[in-house]
Amino acid sequence: MITKPQYTMKDILPHYADMNCYEYFLACTQHIKDDYPILQFMGTDHQRSEILADIDSLAYYFKEELHFQVGDVFTLFTPNTVEEVVILFALNKIGCITSLLHPMFPSDAMRAALEFTKSKGVLLPDFSFAKHAKTLGAMGVQVIVSTPALYAVKAEDKLTVRPNADHIAAADDACNFTFYGDILRDCQGKTTEGISRSGDLVGFYMNGGGTTGQSKTIMLSSTNINAAINNKFSLMIPSDDVPGSKSNIAALPFFHCFGLCCTLLCAIFAGNKCILMMSFNADDYIDILKKNPCYDLVGVPNMYRKLLDHPNFPGEHLQHIKYAYIGGDNVPIEFMNRFNTFMEAHGSTAILMPGYGLTECSACDCSNILWNTKPGTVGTDFETARIVILDEDKKEVPYGTVGEVAITGDCVMKGYLTDDGRHGEGIYTDENGTQWVLTGDLAKMDEDRFLTFIARRKRLIIISGYNVFPADIENLLEPLPFIHENCAVQGYNEQGKPIVRLYITLAPGAQLEKLDEYKQTITTLCAEKLSRFSVPREICVLDKMPRTRMDKIDFISLTQTLN
C-alpha cells in the first residue's frame, strides 16, 4: 500500500456542480491547449477536435432536422463504437435522453424496450440491421445504421465509408434508415445551441436488476453519472503525462454503467485516450496493452482470470499499469493475492481494488484504494455515495452487524421509469427528507467504514458482468404446458464459471420420457426471447420445490444446492 497523496485528480479538476455530461467533459479538458487523441477504434486514433465536431454535427441533426426536444428518447443498440460515444454526447448536449440497450437482445425484447421508453429512434450497426429490420420497419421509428469500418479509418477518409452492402441488402427493404456517415457529411461544420446547467435532468436510461431482482429501467441524470466519474477521480493520483499519451481500454459494455463511467468517461474526462473494444477478447486486449501504454485496468473477475491465465499477458507493457479496478462479482482473496504477486513480479505497482455499486447508484459507490485497502472487503464509500447498513425497521445498525446496504448522495438515481413518467419510484425517503436506495444487498461495515459484502437478497445472476434476471426466465417459461413450477438460480459449471441453472417440476400429464424434448423447448425459447446469458445451461427436474415458511419457493436453498 502506498502513502496517501496530498491530492487526487478530483482535487485538480472542476467540480461537476449542475453541469450535464457534455459540459463536464468540456470543463475537464478545456485547460489542455493542444489537440490530442481521445478515442481509438480498431487501431485508429481520433482527435478531440474531430470528435467534438462530430458531436456538433449529430446534435444539429437531432435538434434541427429531426426536431428532437428536451426529454425525447433515442436508443443505442450497439456494442462499444465511436458512433455510440458521439451520439450519446450529442443527445446529452441538447437535453435528450440516451437509452442504452443490450445489443444482443432479440427483436421482441428490443421492441418492448423501445415502446416502454417511448424511444423516437435507434442506432444499430449494419451487421445486426437485417435481424431487426422487419420489427423496426413495423414500428416506424427513426433508424440510424452505422458501420464499424467508419472510425477504423483516418478522419479524412471516413466520409467515403459505406455500410456493408450485403447486410443492407439482407434487410430486403423492410425498414427505411439513415446512414450515420451521411449524417456526418450533410451536417459537417454545422452546430446548434445546447442546454446548459442541466445536470439534474434525466439523461440516461439503463437496465438493471431492480432492488428486488426484477428487471427495471433506471433513470439516471448527468449529475448521477458525473458523480461516479468524480468518485473514480478520487482514486487516481495526478501525473504530468502529455494528454492522450496514456490510455485505458474500454472492454466492458457501455450499456452497463460500470463500463460507461469507469472506462470511457473517466478516461476522456481526465485527458487520456480510451481504446474501444466491441467485446472482450484476451488476445486482442493483450495486443492493445503491448501497443499502447495503459495506466489502468477495469474489469470483472472473469476478465481478469482470462488475462492472468493467458501466456502472452506477462511482459514489460505491464509496467505502465498503475490501477486495477474490479467489480461485478465476488473476488476471492486467493485470486487477489495471485494477481498482485504477478503484477509486482512484472514491474507494476497495481493491485486489485475490489469495489461495489449498482446501476441505481451509478455503479461506483465504494472501493478499495491504493493507499487505503483491506483484503476481503469492497472498500469504503465515496462522498457522493454515502453508505449505511440498516435493519428491517430501516434503523442504522452498529458496526460489524449484518444488515441491508442503503445508499444516498449525488449518485442516487431519479427512480425507475414508470408508465406515467413520474420520478421517485424505487427511492426511499426517510423522516429527514433524505433519499436512499435500499439495495436489497446484505453487508456489514467496520469502524473504518470498510464494507464486507455478504450476499444478495435480491435475485440477480451475474455472468461475465452481465445481469441476468431470473424472473424474466421464469415468466417466459410459465405458460409451457409441461411445467408446473420453475425457478432459475445461479449455478456454476465444472470450471467454476457462473451459469443459469433452472429447476422445474413437471405438470400433471407431462411424460418423463419426453424430458430431453422438454429441455430443448426450454433452451430454444430462452435463446429466441432473451439474451444468450439467460439461457439455462443446466435443467434439473424436482419432485417438488423447496418452500419457505411463507410458502414461497426457497430459491436460496436451490442456489446452495450442488454449487
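Because only heavy atoms are used, hydrogens play no part in the values below, and waters and symmetry mates are left out as well, while side chains stay in.
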With side-chain contact (heavy atoms from CB on, under 4.5 Å) as the criterion, how do M343 and I351 come out once you've worked through the C-alpha distance, each side chain's angles and the decisive distance to 0.1 Å?
CA-CA 7 Å; M343 295 299 284; I351 61 173; over 6 Å; no

Side chain proximity check, T439 to E360, heavy atoms < 4.5 angstrom:
no

Side chain proximity check, L150 to Y180, heavy atoms < 4.5 angstrom
yes

Do the non-hydrogen side-chain atoms of L260 and L265 ever get within less than 4.5 Å of each other?
yes

Answer yes or no: is there an ion pair linking D182 with R185, defined by an N-O contact shorter than 4.0 Å?
yes

How long is the span from the OG atom in S222 to the OH atom in Y24, to the nearest 0.5 Å?
12.0 Å

May I have the list of side-chain donor-acceptor pairs in residues 78-86 shorter than 3.5 Å, sequence neighbours left out?
unit_1, atom_1, unit_2, atom_2, d
N80, OD1, F254, N, 3.0
N80, ND2, A250, O, 3.4
N80, ND2, L252, O, 2.9
N80, ND2, M277, O, 3.4
T81, OG1, E84, N, 3.3

Within the supplied structure, the quantity of interest is the number of heavy atoms (other residues, nucleotides, ligands) at a distance under 6.0 Å from E316 CD; does it exceed 12?
no

Salt-bridged, D18 to R197, with N to O below 4.0 Å?
yes

Looking at Y416, is its backbone amide N or carbonyl O close enough to the side chain of K216 to form a donor-acceptor pair, meaning the two atoms are under 3.5 Å apart?
no

Do the side chains of K273 and P37 get nearer than 4.5 Å, heavy atoms only?
yes

Anything under 30° is parallel, anything over 60° is perpendicular, the rest tilted; go ahead and classify H256 against F258.
perpendicular

Between N432 and T434 (side chain of the first, backbone of the second, donor and acceptor by atom type, cut-off under 3.5 Å), is there such a pair?
no

Residue pair V73 / T117: nearest heavy atoms and the distance that separates them:
CG2-O, 3.6 Å

Salt bridge (Lys or Arg N to Asp or Glu O under 4.0 Å) against D410, all qualifying residues, sequence neighbours excluded
none

Whether K414 side chain and D200 backbone form a donor-acceptor pair below 3.5 Å:
yes

E193/K93 ion pair, N-O < 4.0 Å
no

Keeping the roles fixed (side chain from N230, backbone from K10), state whether a donor-acceptor pair exists under 3.5 Å.
no

With a 4.0 Å cut-off on N to O distance, would you call K374 and D448 a salt bridge?
yes

Steps toward salt bridge (charged side-chain N to carboxylate O under 4.0 Å, His left out) verdict (D381, R449):
CA-CA 7 Å; D381 50 352; R449 297 198 65 77; 2.7 Å; yes

Would T178 and V145 count as a side-chain contact (heavy atoms from CB on, under 4.5 Å) here? Give the steps.
CA-CA 6 Å; T178 303; V145 172; over 6 Å; no

Sort and list the pairs that fulfil salt bridge (Lys or Arg N to Asp or Glu O under 4.0 Å) and have at least one residue in residues 243-270, not counting sequence neighbours.
D241-K246

Go through it in stages, so that I can follow the logic: the residues are K158 and D54, the test is salt bridge (charged side-chain N to carboxylate O under 4.0 Å, His left out), and I'd like the CA-CA distance, side-chain angles, deciding distance and then a yes or no.
CA-CA 12 Å; K158 68 186 181 186; D54 289 356; 2.5 Å; yes

Working to the nearest 0.5 angstrom, can you tell me the gap between L13 CG and C28 SG?
5.0 Å

Could you pull out all residues at least two apart from F25 that satisfy ring-ring contact (aromatic ring centres under 6.0 Å, His included)?
F89, F269

Heavy atoms only: give me the nearest C364-N231 pair and the separation to one decimal.
O-ND2, 2.8 Å

Does the side chain of Q142 come within less than 4.5 Å of L66's, by heavy atoms?
yes

Answer yes when D56 and K190 have at least one side-chain N-carboxylate O distance shorter than 4.0 Å, and no when they do not.
no

Quick check for you: to the nearest 0.5 Å, what is the distance between M303 atom CE and F280 atom CZ?
5.5 Å

C21 side chain reached by N226 side chain, heavy atoms, under 4.5 Å:
yes

Keeping the roles fixed (side chain from S221, backbone from N224), state whether a donor-acceptor pair exists under 3.5 Å.
yes

Mark yes or no for whether S57, through its side chain, and L184, through its backbone, hold a donor-acceptor pair below 3.5 Å.
no

According to ring pair (Phe, Tyr, Trp, His ring centres under 6.0 Å), does anything in residues 33-56 pair up with another residue at least two apart or in another chain? List the pairs.
H46-Y151

Spell out, as yes or no, whether a donor-acceptor pair under 3.5 Å connects the side chain of N92 to the backbone of Y22.
yes

Taking salt bridge (Lys or Arg N to Asp or Glu O under 4.0 Å) as the cut-off, I'd like each qualifying pair that reaches into residues 58-73, sequence neighbours left out, listed once.
D72-K120

Should K232 and V298 be marked as a side-chain contact (heavy atoms from CB on, under 4.5 Å) after you check the CA-CA gap, both sets of side-chain angles, and the distance that decides it?
CA-CA 11 Å; K232 190 183 174 189; V298 182; 3.7 Å; yes

Neighbour count above 12 (heavy atom, 6.0 Å) for E115 CD:
yes

Flag the pair V405 / I387 as yes when at least one side-chain heavy-atom distance between them is below 4.5 Å, and no otherwise.
yes

Could you grab the distance from atom CZ of F382 to atom SG of C411, nearest 0.5 Å is fine?
10.0 Å

Please name the pair of heavy atoms, one in A350 and one in N340, separated by the smallest distance, quoted to 0.1 Å.
O-OD1, 4.5 Å

OH of Y16 to CD1 of I229: how many Å apart, nearest 0.5 Å?
10.5 Å

Closest heavy-atom contact between T377 and P354?
O-CB, 3.9 Å

Check whether T373 reaches the backbone of L370 with its side chain - one donor and one acceptor, N or O, closer than 3.5 Å.
no

Fit a plane to each ring of F68 and F62, take the angle between them on a 0 to 90° scale, and name the class: parallel (under 30°), tilted (30 to 60°) or perpendicular (over 60°).
tilted

Check: T217 side chain, L417 main-chain N or O, donor-acceptor pair, under 3.5 Å:
no

Any side-chain heavy atom of K290 within less than 4.5 Å of one from I286?
yes

Under 4.0 Å between a Lys/Arg side-chain N and an Asp/Glu carboxylate O for D126 and R162?
no

Rounded to the nearest 0.5 Å, how far does CH2 of W371 lie from CD1 of I369?
5.5 Å

Determine whether Y295 and I321 satisfy the following criterion, side-chain contact (heavy atoms from CB on, under 4.5 Å), listing intermediate values before the conclusion.
CA-CA 4 Å; Y295 68 94; I321 299 172; over 6 Å; no

Do the rings of Y356 and F453 sit parallel, tilted or perpendicular, given the 30° and 60° boundaries?
tilted

Testing the basics here: between I249 and T263, what is the closest heavy-atom pair and its distance to 0.1 Å?
O-CG2, 4.1 Å

Nearest heavy-atom neighbours spanning L220 and C257:
CD1-SG, 4.0 Å

Between N368 (side chain only) and T380 (backbone N and O only), is there a donor and an acceptor less than 3.5 Å apart?
no

